[in-house]
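Have a look at the structure below, then the notes.
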Amino acid sequence: MHLDIGYVKIYVSRFAETTYNLEQRKYNSAMCFKICFHTSIFFQRQNRWWVCSLYRCYITRIACCLTSSILCTAVHVHCPFSISDPHSVVNSTNSRFWRSYHNSGKFDLTDMTHPHMWYPKAREKKRNVYLHVGPTNSGKTYNALKRLEASSSGVYCGPLRLLAREVAQRLNKINVPCNLITGQERDEIEGAKHTSVTVEMADVTTEYQCAVIDEIQMVGCKSRGFSFTRALLGLCSDELHVCGDPAAVPLIQRILEATGDLVTVQYYERLSPLVPLKSPLGSFSNIKAGDCFVTFSRRGIYSLKKRIEMEGKHLCSVVYGSLPPETRTKQATMFNDDTSDLNVLVASDAIGMGLNLNISRIIFSTMMKFDGFNFRELTISEIKQIAGRAGRYGSKFPVGEVTCLDAEDLPLLHSSLKSPSPIIERAGLFPTFDLLALYSRLHGTDFFHPILERFLEKAKLSPDYFIAECEDMLKVAAIVDDLPLGLYDKYLFCISPVDTRDDISVQGLVQFAENYARKGTVRLKEIFTPGTLQVPKTHNQLKELESVHKVLELYVWLSFRVEDSFPDREVAASQKSICSMLIEEYLERSGWQPQGRRKFLGGPQKLLRKYDASQMHKYFQEVDARPK
């Protein structure tokens, strides 16, 4: 079987006029263009250039790349090769030829100054882009979603699984069939022409009538910003609705100048008032139903929860990033429910997006946060995002309030709420695997760490972009480079959602990678052997169970990408559910329990009966099945 990707003919004149016809699509440009097709290595034979790999090759800035000796000539590219053996025709001579051509400076793979040309399908359209910008709780996303609902086909791209799931449920509820696709979930509805995804899962090859990108200010995020840039530049839709903070508007407008899209900006005002209080909370006896305390560590959250509940007036829900998403959702649901005794919330900045919460008053217990490197003050954007969660429009608290636990923190709170968020100057960018694969071939190595490190050192960017933070990826690369894996497999493990600051998560990744390299198949039962699953009794045991949940999520993530090699997805999903139930049981047991009052929303104990010890024993033979 042979694959004929397309016939490409490039005419190069002194004005660098170019044309191509690839898969029946036409494109014309002057001075700068990029052709994308599933290839990687070019070599010359009989005055033609031939292509010999299934990877994608990018030809950029043709005016600068081609030498004067081939100006005013025609270059013919045809792609015949066997899918079963795509590398068989590549030899070291060809690699040396192309490597020398790259090193000559005439063709630079590290030139990332025109990332909008990585997405030729989107460039074929003149998209109508609508920027919906305003503060939290202003209705900007609501209006974008109304347009998505009315479209014949569409996609929603959100920053969190919780948001993606919420949008999918919303559309399905009004009889607009909608798929849900995240890194760890697939819920495909028959006949659905709408899809709700986490932004990393955005499909830039499918055409839509309408697309929505939520929380676009995250384009400036050091670690995830490149995924928002990819969606912004690559989504192929007639209409693109982009929602977020006004601080992103100038950058988005500059970025989209190069695409030729028509951009319209719509500003929104907050729908319900937010009142910064002039006095701090003072005594804990002043806590009332609907309050939300914000702090930034697991230990701080549980310390506050215990202190509040010891007063004997309130019970607390907790929400923080390390909790499983299912547990976060249930904790939020119990806080929102009028029949539940959990009427105070203690949370981290994880409440800043992704959960609809009926909060009356936000109380900052501290204005300092550890960001993984240093303790620092909260930024203006962080303060406004968190404070804005109070007084959600349409909730039982029509006016939101915000204050601090300590009076010394009030000046920073007040000044931040009065100030506009700092303008976002640059968007994140990261090379595609295809670029890195070609770069590695040119340098004659499959070691991912040196290739990535060298590429990032040499990368050339326009002033509107920065290279995404990839310290965690490099840490993983250093591990997998010692294993007999291909470059794509190494890349896959490097981009997987592993918490490199969590020893158990890293150990899980290493075991998965080693088993995959050695056997080609990773059975979950071979990884999780000793130990028991039980309700945590201490904070350390809780942290360990949260880490086990992360490892199980990693397995599910890998199973969606290398399905045959990670066949125990259902088992992993079941164990994830068990972890969530056990964590919920811990949260219930850890609180103050007034006699005769325990009305939880079908609480954890009821749910746990669905996963008794005998069922756990089916998957983990070492689980203690004795009655507790």
Side-chain angles (χ1 to χ4, degrees), residues 110 112-113 115 118 157-161 163 183 198-202 213-234 242-252 254-255 296-297 320-322 348-350 352-354 368-386 416 421-433 435-436 448-449 452-478 491 494-502 505-506 550:
T110 61
M112 301 170 66
T113 54
W118 297 356
C157 304
L160 298 172
R161 276 182 280 167
L163 279 171
T198 43
V199 68
E200 286 82 1
M201 302 301 295
I213 305 174
D214 207 358
E215 305 292 356
I216 191 59
Q217 70 276 3
M218 289 191 68
V219 76
C221 176
K222 292 181 180 179
S223 57
R224 297 182 64 200
F226 71 95
S227 296
F228 288 82
T229 304
R230 174 178 173 271
L232 178 67
L233 296 176
V242 181
C243 310
D245 194 294
V249 170
L251 174 63
I252 303 304
R254 290 199 307 271
I255 287 176
F296 301 99
S297 71
Y320 55 92
S322 296
S348 71
D349 50 356
M353 60 181 71
M368 300 292 292
K369 173 184 177 181
F370 183 71
D371 61 9
F373 301 96
N374 301 294
F375 278 100
R376 60 166 177 81
E377 285 187 343
L378 298 177
T379 65
I380 292 174
S381 298
E382 289 169 338
I383 292 171
K384 294 174 78 171
Q385 184 82 21
I386 296 168
S416 297
S421 298
I423 296 298
I424 299 172
E425 299 290 345
R426 295 183 297 164
L429 204 61
F430 195 77
T432 64
F433 169 73
L435 271 178
L436 293 172
F448 192 66
H449 187 284
L452 178 58
E453 197 171 44
R454 188 181 304 172
F455 188 100
L456 298 181
E457 286 176 1
K458 302 288 186 180
K460 299 168 184 62
L461 305 173
S462 80
D464 289 331
Y465 296 99
F466 67 89
I467 286 288
E469 172 61 53
C470 58
E471 181 180 346
D472 288 349
M473 192 180 293
L474 287 168
K475 289 178 182 177
V476 177
Y491 172 81
C494 286
I495 65 170
S496 66
V498 60
D499 183 353
T500 59
R501 290 167 291 280
D502 185 311
S505 295
V506 173
K550 292 177 184 177

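If you're wondering where the values come from, they're calculated on a predicted model, not measured in any experiment.
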Atom pair [atom1] ([X]) and [atom2] ([Y]), whose distance is rounded to the nearest 0.5 Å:
X	Y	atom1	atom2	answer
Trp118	Leu429	CH2	CG	4.5 Å
Asp502	Lys550	CG	NZ	4.5 Å
Ile216	Ile252	CD1	CD1	4.5 Å
Ser227	Met201	OG	CE	10.5 Å
Ile467	Met112	CD1	CE	4.0 Å
Leu452	Leu474	CG	CG	5.0 Å

Residue pair [X] / [Y]: nearest heavy atoms and the distance that separates them:
X	Y	result
Ser505	Val498	O-CG2, 3.7 Å
Ala247	Pro250	O-CD, 3.9 Å
Pro159	Met218	CB-SD, 3.7 Å
Ile255	Leu232	CG2-CD2, 4.2 Å
Ile380	Pro422	CB-CD, 4.2 Å
Ala468	Phe226	CB-CD2, 3.6 Å

>> Leu378 vs Phe296, test: side chain to side chain contact (heavy atoms under 4.5 Å, CB included). Steps then yes/no.
In response: CA-CA 10 Å; Leu378 298 177; Phe296 301 99; 3.6 Å; yes
> If we only count heavy atoms from C-beta on, is the Phe228 to Cys221 side-chain gap below 4.5 Å?
Replying inline: no
> Is Pro431 close to Leu456 at the side-chain level, that is, under 4.5 Å between some pair of heavy atoms?
Replying inline: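 Counting from C-beta outward, Leu456 and Pro431 do come under 4.5 Å.
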>> If you apply the rule side chain to side chain contact (heavy atoms under 4.5 Å, CB included), what do you find for Leu251 with Ile423, and how did you get there?
In response: CA-CA 8 Å; Leu251 174 63; Ile423 296 298; over 6 Å; no
If we ignore hydrogens and angles and just use 3.5 Å, is the side chain of [X] paired with the main-chain N or O of [Y] as donor and acceptor?
X	Y	answer
Glu469	Lys222	no
Thr229	Gly428	yes
Arg230	Ala202	yes
Gln217	Asp245	yes
Ser348	Ala350	yes
Arg254	Glu425	yes

> Would Val476 and Asp472 satisfy side chain to side chain contact (heavy atoms under 4.5 Å, CB included), going step by step from the backbone distance to the final call?
Replying inline: CA-CA 6 Å; Val476 177; Asp472 288 349; 5.7 Å; no
> Aromatic rings Phe370 and Phe375: how do their planes relate, parallel, tilted or perpendicular, breaks at 30° and 60°?
Replying inline: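 Phe370 vs Phe375 ring planes: tilted.
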>> Using the rule given for side chain to side chain contact (heavy atoms under 4.5 Å, CB included), can you reason through Arg224 versus Val199, listing the C-alpha separation, both sets of side-chain angles and the distance that settles it, and then say yes or no?
In response: CA-CA 9 Å; Arg224 297 182 64 200; Val199 68; 3.9 Å; yes
>> What I want to find out is whether Arg376 reaches Glu382 closely enough, with some N-O distance under 4.0 Å, to be called a salt bridge.
In response: yes
